[in-house]
There are 2 protein chains.
Amino acid sequence: MIDGIQTRCESCIVRQFNALRAMSKEELKKVSDAKTVKIVKKGQPIFEEGEKLPGVYCVRNGVSKLSKLSANGKNQIVKLAAKAEVLGQRSVIAEEVTNLSATAVDDMEVCFIPKEIISTTLNGNPNFTIEVLRHMAHDLKEADDVIVNMGQKTVKQRIAEAFLYLKTNFGEDKNGFLSLTLSREDIANVVGTATESCIRIISEFKKKGFLKTSGKKVAIVDEKGLQNVIDGF
Amino acid sequence: MIDGIQTRCESCIVRQFNALRAMSKEELKKVSDAKTVKIVKKGQPIFEEGEKLPGVYCVRNGVSKLSKLSANGKNQIVKLAAKAEVLGQRSVIAEEVTNLSATAVDDMEVCFIPKEIISTTLNGNPNFTIEVLRHMAHDLKEADDVIVNMGQKTVKQRIAEAFLYLKTNFGEDKNGFLSLTLSREDIANVVGTATESCIRIISEFKKKGFLKTSGKKVAIVDEKGLQNVIDGF
DNA sequence: GAGAAAACATGACAATTATCATATTCTCGG
DNA sequence: CCGAGAATATGATAATTGTCATGTTTTCTC
């Protein structure tokens, strides 16, 4: 992780989409003065499971995977976090070590905000606290949905769903390929299956004309086909 | 759901273990005056997925399962909530319909608290908001762990884990049987498997001397044996 | 306490998924 | 642009899990 150029939080658009928008001008100024911008290259960690985080990380650009190592040595990706998401909140709020690792999937630009500023604001600005609470409530709901999917859907359905998720959340480039390119292994770790199984199912989807690939890039050709898989047809 | 006897929140021990302990005397009095105590019989719903909740439910006694219906018509149990847990918070905070159903697994006694009181306190008492936030952060961490288990462990491992969970969280009776008795179907819905598979694995655990049963009641005979299953031996 | 309904149990089989082996293709630094 | 290493791909096979059928036990109601 490399320290980069400074920018003012007050004029950062990203803030509008997370809890920081509930901060007062003065609070925001403090954050802006204390924060450091960091560049994280693709594949590099932002923090690792078990660390005591000195603060939170606000994503300005790029995508991060939040994962946890399981007993069998495999990684489960619990969430993909993009622009405007704040990482490490839970650890700072609960004053515990993180339960998740965060790794850059893309080249990223993140702002590090020391935890003292977050705690102070939590204690002093009820609107901020409520805003954080709302975001956390949303995350919890999403986590519940993931649990239901993991428990009730087949690997094939979950992979189909993952691609639609990537499309709706990260979009496509000019040529119709998914903007966010994950390795097959990462996709396997999102849906909780073996890498080979994941590759096999992607091949099947290609044969059936649901997907096409070009190198690591994947394009959704037949969205309805994927949706039918998800719906059990 | 039947309305029961009134009791004062101020003297309720349960409160010490949830966010309500951060309320002031006056706030607590308001809650106490507005709340209603309800008796929910085993098997009956407290609320159903998709409802707009008029408030939250504080569990005084008994256990509730929080579940979500999946597209294939099966239920996934996302969490078991016991004494002192507050149900429906997320819905009230996000001002959305609930994403989960809550059903009594035991005979229950719950206190209903109108949402207006919760919102007012959230806006007026930062300590309360932070306390709610802490609890939600904890729930989110637990949800992450469930996701990892679902993604990385076999059905057999998850069932073994479920029994140890029941022991550590709900304890055993005088005869060594788990205090909380779930149907095989409920256990299957916790771990995300077919009821028959669940029954089969329980039979296997009995044969191996890890468990014994008496009617629906289950006792853990060889905890280490179950732990070995979980650890992949 | 008899009968019905629900829960539990097990067999047989099919489908899904994991594992191991081995190619093949891509990627990237020198 | 070449070669090493990583990522992707596929075959063969075993293990796990789901589904359907059917029987047994438990529980509940009248």
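First the proteins, then the strands, lettered A, B, ... as listed; each starts at 1. Computed from a predicted structure; not experimentally measured.
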Nearest-Å distance, CD1 (B:I199) to C1' (D:dT24)? 12 Å
Taking NZ from A:K207 and C1' from D:dG11, how many angstroms apart are they, rounded to a whole number? 11 Å
Rounded to whole Å, the CD1-C1' distance (A:I201 to D:dT10) equals 14 Å
Nearest-Å distance for atom pair CZ/C1', residues A:F205 and D:dT8: 17 Å
Using whole Å, what does the distance between atom C1' of nucleotide D:dT26 and atom CD1 of B:I202 come to? 15 Å
Any base atoms under 4.0 Å from B:K206, or only sugar-phosphate, or nothing? Heavy atoms, all strands. sugar-phosphate
For D:dT8, does either OP1 or OP2 sit under 4.0 Å from a side-chain N or O belonging to A:K216? yes
Shortest side-chain distance from A:R200, nucleotide among D:dA12, D:dT8, D:dT17: D:dA12
Could you tell me, to 10°, how much the axis swings from one end of the helix from C:dG1-D:dC30 to C:dG30-D:dC1 to the other, five pairs per end? 60°
Looking at every strand, decide which applies to B:S197 at a 4.0 Å heavy-atom threshold: base, sugar-phosphate, or nothing. base
Aromatic rings A:F210 and A:F205: how do their planes relate, parallel, tilted or perpendicular, breaks at 30° and 60°? tilted
Span of DNA chain C, from the first to the last nucleotide whose atoms fall under 4.0 Å of chain B heavy atoms: C:dA7 to C:dA12
Categorize A:T195 for me: base, sugar-phosphate, or nothing, with a 4.0 angstrom heavy-atom threshold over every strand shown. nothing
Could you state the atom-to-atom distance from CD of B:E196 to C1' of D:dT19 in whole Å? 7 Å
Whole angstroms only, please: what is the NZ-C1' distance between B:K42 and D:dC28? 12 Å
What nucleic acid atoms does A:K74 come within less than 4.0 Å of, heavy atoms only: base, sugar-phosphate, or nothing? sugar-phosphate
Among residues two or more places apart or on two chains, list those pairs meeting side chain to side chain donor-acceptor pair (under 3.5 Å) that have a residue in residues 47-56 of chain A. none
Heavy-atom nearest nucleotide on DNA chain C for A:V155 versus A:G215: which residue maps closer to 5'? A:V155
Between A:K153 and B:S70, do the side chains contain an N or O donor and an N or O acceptor separated by less than 3.5 Å? no
With a 4.5 Å limit on heavy-atom distance, are the side chains of B:T103 and B:I46 in contact? no
Salt-bridged, B:D139 to B:R90, with N to O below 4.0 Å? no
Using only side-chain N and O atoms of A:S203, determine if any of them is under 4.0 Å from OP1 or OP2 of D:dT8. no
Please say which of A:N169, A:L180, A:L66 ends up in a side-chain contact (heavy atoms from CB on, under 4.5 Å) with A:L80. A:L180
Do the side chains of A:I201 and A:V155 get nearer than 4.5 Å, heavy atoms only? yes
Regarding A:T154, tell me which of base, sugar-phosphate or nothing describes its non-hydrogen contacts under 4.0 Å with the strands shown. sugar-phosphate
Heavy-atom check, side chain of B:L100 versus side chain of B:L87, under 4.5 Å: no
Between B:K65 and B:D186, does any side-chain N to carboxylate O distance fall below 4.0 Å? yes
Rounded distance in Å - CD1 (A:I187) to C1' (D:dT8): 12 Å
Can you tell me if NZ on A:K217 sees more than 12 non-hydrogen neighbours from other groups inside 6.0 Å? yes
